[in-house]
Protein chains: 2
Amino acid sequence: MHLPNGADKRERILAVAEELFFQYSFLGTTLEMICAALRTTKPFVYYYFKNKQEIFETITWRGSVAVMTAMKFPADDMRPAHVKLAEGLHRFMAACVANFRSGALAYRDTASLRPQFQAKLRRLARYFYADLCTIMEQGRADGKLSFEDTMLTARAMVSVGAFMYAWYAPAGRVPPDEIVRALTSILFKMVGLRAKPMRVSDRLRVHTSKTR
Amino acid sequence: MHLPNGADKRERILAVAEELFFQYSFLGTTLEMICAALRTTKPFVYYYFKNKQEIFETITWRGSVAVMTAMKFPADDMRPAHVKLAEGLHRFMAACVANFRSGALAYRDTASLRPQFQAKLRRLARYFYADLCTIMEQGRADGKLSFEDTMLTARAMVSVGAFMYAWYAPAGRVPPDEIVRALTSILFKMVGLRAKPMRVSDRLRVHTSKTR
DNA sequence: CCTACCGATCGGTAGG
DNA sequence: CCTACCGATCGGTAGG
């Protein structure tokens with residue numbers, strides 16, 4: 001045990017609030033509930049955050065960024081589009097599973113976000129979809145993929161990851177890695193990609209460069 | 001113009017409330033907002049409904065039933081499983097598009113539903129998934145379908161319809177019928193079904209029996 | 001069908 | 001003088 005510093009305490013607030021916001025929504029979660037779960041008081045929370053809104057948007061932003069950066073590749077990555085898409089979809093699905101709570105807040109509780117924050121999220125999503133659609137169409141032009149409307153197919157694939165909040169339970173029947181592999185394999189079928197999704201260990205062995 | 005009877009007035013309340021609940025969530029919608037949109041007062045609304053909860057659950061139940069009954073077939077329907085699945089998936093997707101607002105309330109605002117109502121919804125969903133998975137596995141046994149984990153594939157297909165609330169706009173780029181056709185076609189790929197989804201007019205010509 | 005009003009509970013902040 | 005908190009209570013607003 002060690003005395004936690006400020007950053008640790010802030011993280012603890014965020015962790016507890018994420019759980020409560022996911023379960024009860026923004027308006028359904030009171031500061032009293034957050035404080036009770038933290039076994040602390042409101043002024044303690046208000047020392048680290050200006051208000052409830054700031055806590056909520058911090059969590060929401062993290063989750064959204066984690067999911068929406070999966071299609072980013074270095075400019076010098078010259079692999080074929082369908083290979084990048086396979087890796088990107090796998091990263092996307094892994095991020096959806098790892099962040100299924102915070103990732104859901106953006107679209108499930110949109111009304112509780114300030115308009116300017118919503119605009120920031122829409123920008124993030126627009127870039128994600130632009131990257132995704134570009135890679136998809138390159139892969140199709142290369143004859144490696146097969147699908148009809150690009151944007152609708154992209155929306156459908158994102159739905160599979162995004163809607164996970166409604167049914168996924170971390171301690172469920174299938175282990176997380178296996179869920180990621182199986183769902184990624186379903187996304188592959190949706191774009192007519194033949195390859196099987198790599199296992200996490202394979203991906204780490206083949207692709208060692210850090211993208212962040 | 002005619003003087004609306006009690007049922008009409010009730011429906012008007014439900015229509016206005018559905019729009020507001022979808023946009024602002026249950027807790028974010030006040031009775032004052034509903035009354036203002038209706039240009040009436042709270043006691044008028046409380047003449048037709050016991051409380052805010054009853055309005056919300058009435059709307060939610062309708063949407064959920066509309067979507068979750070798509071996989072029901074008459075006991076004497078002897079068509080092959082993959083044919084029934086094709087029709088069921090098409091009906092499911094059409095119901096998701098037609099009820100994207102009320103259908104979303106069940107999973108987006110779950111916390112605002114009473115536990116016993118949540119249990120009723122879970123029962124409805126369990127029957128839907130049971131029917132869906134049964135037909136899927138029959139079709140696979142017949143050699144007409146191809147997929148891995150049945151339940152995960154079912155979840156993924158439902159996600160495509162369910163998550164539509166996050167992006168679908170009735171007055172958007174693609175007309176509703178075309179959205180339904182394109183998304184159903186994507187569901188077909190997810191289960192390895194070769195057939196193309198029928199157009200609405202075709203389906204009505206071929207299959208005239210009422211399922212309700 | 002409306003005006004007026006209640007018990008309670010909310011997010012946020014005061015003094016110490 | 002600062003920080004990190006507590007007990008108490010503020011102004012406003014919710015459902016009914």
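The figures that follow rest on heavy atoms only: side chains count, while hydrogens, waters and symmetry mates do not. In the text below, chain A, chain B and the rest are named by the order of the sequence lines, each starting its count at 1.
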Let's go through R181(B) and E178(B) carefully: what are the C-alpha distance in whole Å and the side-chain angles of both, what is the deciding distance for salt bridge (Lys or Arg N to Asp or Glu O under 4.0 Å) to 0.1 Å, and is it a yes or a no? CA-CA 5 Å; R181(B) 194 207 55 78; E178(B) 175 54 22; 3.0 Å; yes
Any chance OH of Y24(A) has more than 12 other-residue heavy atoms, nucleotides or ligands included, within less than 6.0 Å?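 At most 12 heavy atoms, drawn from other residues, nucleotides or ligands, come within 6.0 Å of this atom.
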Write down the distance between [atom1] ([X]) and [atom2] ([N]), rounded to a whole number of angstrom.
X      : N       : atom1 : atom2 : value
N51(A) : dT13(C) : CG    : P     : 8 Å
I55(A) : dG11(C) : CD1   : P     : 10 Å
K52(A) : dT13(C) : NZ    : P     : 14 Å
E54(A) : dG11(C) : CD    : P     : 16 Å

Using the six-membered ring of [Y], assess whether NZ or CZ of [X] lies under 6.0 Å from its centre and within 45 degrees of the ring axis.
X       : Y       : result
R101(B) : Y168(B) : no
R155(A) : Y129(A) : yes
R114(A) : F26(A)  : no

Do the non-hydrogen side-chain atoms of L183(B) and I186(B) ever get within less than 4.5 Å of each other?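 L183(B) vs I186(B): side chains touch.
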Check whether any side-chain heavy atom of F100(A) lies under 4.5 Å from a side-chain heavy atom of P170(A), and answer yes or no.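 With C-beta onward as the side chain, the pair touches.
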Using heavy atoms and a sub-4.0 Å distance, could you list which residues of residues 26-47 of chain B are near DNA chain C? By number, please.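 Going residue by residue through residues 26-47 of chain B, the ones with a heavy atom under 4.0 Å of DNA chain C turn out to be T40(B), T41(B), P43(B), F44(B).
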Using the C1' atom on both, measure dA8(D) against dG12(C) and round to a whole Å.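 Those two atoms are separated by 13 Å.
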Verify the distance criterion only: is there a donor paired with an acceptor across the side chains of Q23(B) and E19(B) at less than 3.5 Å?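 Checked: Q23(B)/E19(B) side chains show no N/O donor-acceptor pair below 3.5 Å.
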Within residues 12-22 of chain A: residues closer than 4.0 Å to DNA chain D (heavy atoms):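 Contacting residues: none.
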Ignoring backbone atoms, test whether K9(B) places a side-chain nitrogen or oxygen under 4.0 Å from the OP1 or OP2 oxygen of dC1(C).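 True: K9(B) side-chain N/O within range (under 4.0 Å) of dC1(C) OP1/OP2.
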